[in-house]
Every structure is written in structure tokens, then in C-alpha cells.
Asker: 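If you scroll down you'll find the structure; I have some questions about it.
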Amino acid sequence: MAEAILINVAPGEVRGAVLDGGRIVELIVARDGRSSHVGSIHLGRVRRILPGMGAAFVEIGLDRDGYLGLDGTAAGESGGGLHEGQAIEVQVVKDAAGSKGVQLARRIALTGHYLIHTPSLKHIAVSRRIADKSERRRLLEAVDATSGPGRGFIVRTAAGGAPAAALAAEAERLLRCRREIADRGARAAAPALLYEEPGPAIRLIRDRAHRSTARICMDSAAALAAAKAYCAVWAPCLADRLAFHDGPDSIFTEGGADIEEAFESVLTPRVPLPSGGEIVIQATEALTAVDVNSGGFHGRRPGDTALATNLEAADEAARQLRLRDIGGLIVVDFIHMTEGGHWRQVLAQLSRRLANDRGEVRMLGRSAAGLVEITRRRQRESPTRMMTEPCTACGESGRVATVETVARDIVRALGREARAARPGRLTVEAAGEVVDALEAGIGADPDRLETRLGRRVLLARNPSFPRMRYEVAVEDRPR
């Protein structure tokens, strides 16, 4: 469960951090122009049907057609098959990635704070994370009594302990929302957007906050007002947890956790372990490889070194999957161990840590080659991919921070310098493409930035600087 949620709102960007036990466990980044479409519902038009692939491509109004997997009756057959040109209602279930468009589904799901309305399922299910049998039975009975027969709902983890009246009110809101979407679809011409998910800050509260969440802190008055309006309707139990951060320091330096450093760390492949070892994370098109190295750590016996490092690596690898939101097939190459009991300890540790992941994650076990295989499904673009792009210098085998990422880092660095340094004009020296981005207003409008900082800002291009390098200096005399 999330202990605290911190949300930073800047022009064109929302970043969030989820802390559990004082430790950063999730990072979220959303930027204008690359916002998530997951959850949006469209009236689409079937463009192409590929019976051999069991798929159709559907135009929904985005740059690329969406991919719809077909199940049941094969395309083109009578009694339920699609045909090209047909208008159908679809929902985005996975964002576009690389050359692939969004992934679509015909089974609609509307998410609230306590419930997910699933019209096509026609039954009620309870989250597996609610383990208490009596509570599961209470929730089932409460939703069944209020929603009516034949209506599908999934009771979310956040519903644990929620009063029956709150569940009933939310069920009715979701049913009403479904009727409104159907009405809009009946009047619209394809392609048309019928329903859109709330913005990233509200989604973060909806999907991560629970009754046990102690604090939800935001540094934007407008975002806080929107959060209060959301909680008043959907989650009154969270209303008194909302707080506004207006201190001189960044919201991400609160509580001793260096969240800015965590955002920087997910851009690098190497992650240090407490004992002196490390894990190295490398992503390819087919899979993500996690390699465990002992580094300079040496125990009393070789077996002790391997076990201690592997236990730390199991903990950190599971955490990094969440922080980086890594999806697909993941293979972990632990340090070789000869004792079966040691392997059982490491696999048990990894399994326990993966159980805390709210994503759909499965540990497949240890292969014949000694690699531990994991699958993890993600729906939205990960923070790493949001902040980086393929590196052209290395033949796109690696990734490098985008120009926008560096520009936004500089804006934050200017804020820190303005608060801490002596009076005077701030000078930024950076690569030409980064200065171009800053002058174009990426990160902050230049005039408004100077007003906010109370300082003049001079931008200087240095052709010898690589993209990631920049320097901020303070002149002795303001000009």
C-alpha cells in the first residue's frame, strides 16, 4: 500500500512518486504530446482484417490505427465476424510502443476508485489482494445488492473497509457513465472519442491511493483543487490526506528521500547494491536482461558472497521493475550458487518482492540455463522510455536522455540555484539543441521563468558540450 504520494506539476509535465515505508517504489512521468490513451473509449472504424493473424486494424482518430485481437468467431464468418468499414466500440488497453499502434479491446472496463465496471462479464469478482474471507464476502454481497443481477464489477483493493453506501454510490455512477457513453456512440460518426480517462495526477490518486495512504502532497494549487473535487465524489476517505506543498524546497526533497536522484537513476543501466555489488539492466527488443555482479563484496566463503549478493539483487531487481515500469519478458542472471537451499531462499525473496507489484507480474521459475524468468505487463509508456530515446551514436542499441529531459533538468537546477545561491544573474551553458529547446519554452516559458526565479537568465550555446552536460553559474553582479 502507498504510504505517501508526492506529485510535482510543471508546465507540460506531471511527475509522481509513490513511497512505501519511506522507500521510493514507483515513479510516474506524463508529458504533453505523449499522454497516455489507456482507458479511453472510441467509436472506431475497421480498416483492415487479417484472418491469418486473428486481428483487425481499427481507425480511432490517432496517428496510427489501433490493433484489435479477434477471438471467438473468425473474421469474415457469419454470426459475429467483423467487416471492413464497420463502426465498432473499442477501448485502448495498451499505449503505442515503437512502431506499434495502441492495443484495443472490445470488452469495456470503466474504472472508479473502489470498483471497475465490466459490462461484458456479467458477474462480480474481488481483488486477490483482499485476503480476508469475511471481508471478501461482505464486499461481494454489498456490490451484488446495489448493482443488480447480471451486471459485471471487479471490486478493487482500495475497496477494503469501504462502507456499503460508498460502494453503492460508485456503482451507480459507473452504470450512469456507461449509459452516457453508449448514448454518445449512438449519435457519433466513426472515428470518435466517446470517453477519456482523467489526467495523470488524478489517475495516480485513483490507482495508487488507499485508505492506508497517509499523505497525498501536490505542489500545484490547480491540481490540488482538481484532486479535492475528485475525492469529494469518488474517495471522501482521502479528502483529509490531501496537502499543498508551498515550501522553498522542491516537493521531491521532502522526507529525506531524494526523488530527483531516483528519476536520474532510472536512466542509467547500473544500480548499486548495499554490499558493494550491483545489478545491470539492459533492454532489447525481445527482452530485458538483469545481470547480477558481486563487485568488491567478498564474504567469508564464496557461497556466502553469492547468497548475500543475490538476496540483495532479488530485492532491488523487483523494485527496479516497478520504478522503471519494465514490461515483457525479463531474465535475471543471478550469481551462480551450488546449494539448492540458497536458490530456494533467493527465489522466495524475489517472489515476495514481486507480490508487492500492482502490475500483472509472474515469476516463471529458473530455466535450464540457470536464468530466472519473469513476465510483467505494463499498459502505459514507462518513465525510462518517456525520458529517453534511442542513441544514434551507438546504432540505437542504447538509450540517451531526450533534449526535453535535459531542458527540464536545467529548469529545475535553475530553481535550486535561485533559492540557494547569492543574488545575481544566472548563466546556463549547454549544447545548442538544449538551448534551442529552452528558448522555445520547453520546461518553462523564458519570460515567466525569470519572473518566477526573480533573476535574469542568460542562455549560452557551447558546441563542445554533449547533450547531457550543462553548467549553471551565478554572476556576481545582477544586470
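In this text, all values refer to a predicted model and were calculated from it rather than measured experimentally. Residues: numbered from 1 along the sequence shown.
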Asker: Below 4.0 angstrom, N of the basic side chain to O of the carboxylate: do Asp20 and Arg322 qualify?
Answerer: no

Asker: What pairs of residues pass the side-chain hydrogen bond (donor to acceptor under 3.5 Å, both in side chains) test when at least one of them lies in residues 359-377, not counting sequence neighbours?
Answerer: Asp325-Arg376, Asp357-Arg376

Asker: Answer yes or no: is there an ion pair linking Asp95 with Arg380, defined by an N-O contact shorter than 4.0 Å?
Answerer: no

Asker: One thing to verify: whether Glu316 and Arg23 come together as a salt bridge, which I'm taking to mean a side-chain N less than 4.0 angstrom from a carboxylate O.
Answerer: yes

Asker: Dump the intermediate steps for side chain to side chain donor-acceptor pair (under 3.5 Å) on Thr405 and Arg31, then the final yes or no.
Answerer: CA-CA 10 Å; Thr405 296; Arg31 288 177 176 169; 3.1 Å; yes

Asker: Donor-acceptor pair, His210 side chain versus Arg208 backbone, under 3.5 Å?
Answerer: yes

Asker: Could you state the interatomic distance from OG1 (Thr111) to NE2 (His117), rounded to the nearest 0.5 Å?
Answerer: 11.5 Å

Asker: Whether Arg15 engages the ring of Phe263 as a cation-pi pair (distance to the six-membered ring centre under 6.0 angstrom, angle to the ring normal within 45°) should be assessed.
Answerer: yes

Asker: Hey, is Arg156 close enough to Glu170 for a salt bridge, meaning N to O under 4.0 Å?
Answerer: no

Asker: Hey, could you give me the CD1/CG distance between Ile410 and Leu426, rounded to the nearest 0.5 Å?
Answerer: 12.0 Å

Asker: Got a second to check how far Leu321's CG is from Ile326's CD1, nearest 0.5 Å?
Answerer: 5.0 Å

Asker: One pair to check against side chain to side chain contact (heavy atoms under 4.5 Å, CB included): Val400 and Glu389. What are the steps and the verdict?
Answerer: CA-CA 6 Å; Val400 63; Glu389 63 188 10; 4.1 Å; yes

Asker: To the nearest 0.5 Å, what is the distance between CG on Leu6 and CD1 on Ile259?
Answerer: 4.5 Å

Asker: Name all residues meeting the side-chain hydrogen bond (donor to acceptor under 3.5 Å, both in side chains) criterion together with Arg203; count only those two or more places apart in sequence or in a different chain, and write none if there are none.
Answerer: none

Asker: Closest approach of Arg106 and Val90, non-hydrogen atoms and distance?
Answerer: CG-CG1, 4.3 Å

Asker: Rounded to the nearest 0.5 Å, what separates atom OH in Tyr114 from atom CZ in Arg206?
Answerer: 14.0 Å

Asker: Treating Glu450 as the side-chain partner and Val457 as the backbone partner, does any N or O pair qualify as donor plus acceptor under 3.5 Å?
Answerer: yes

Asker: With rounding to the nearest 0.5 angstrom, report the CD to NE2 distance, Glu196 to His37.
Answerer: 8.5 Å

Asker: What heavy-atom pair brings Leu204 and Gly16 nearest, and what distance separates the two atoms?
Answerer: CD2-CA, 3.9 Å

Asker: Looking at Ile335 and Asn293, what are the two nearest heavy atoms and their distance?
Answerer: CD1-C, 4.1 Å

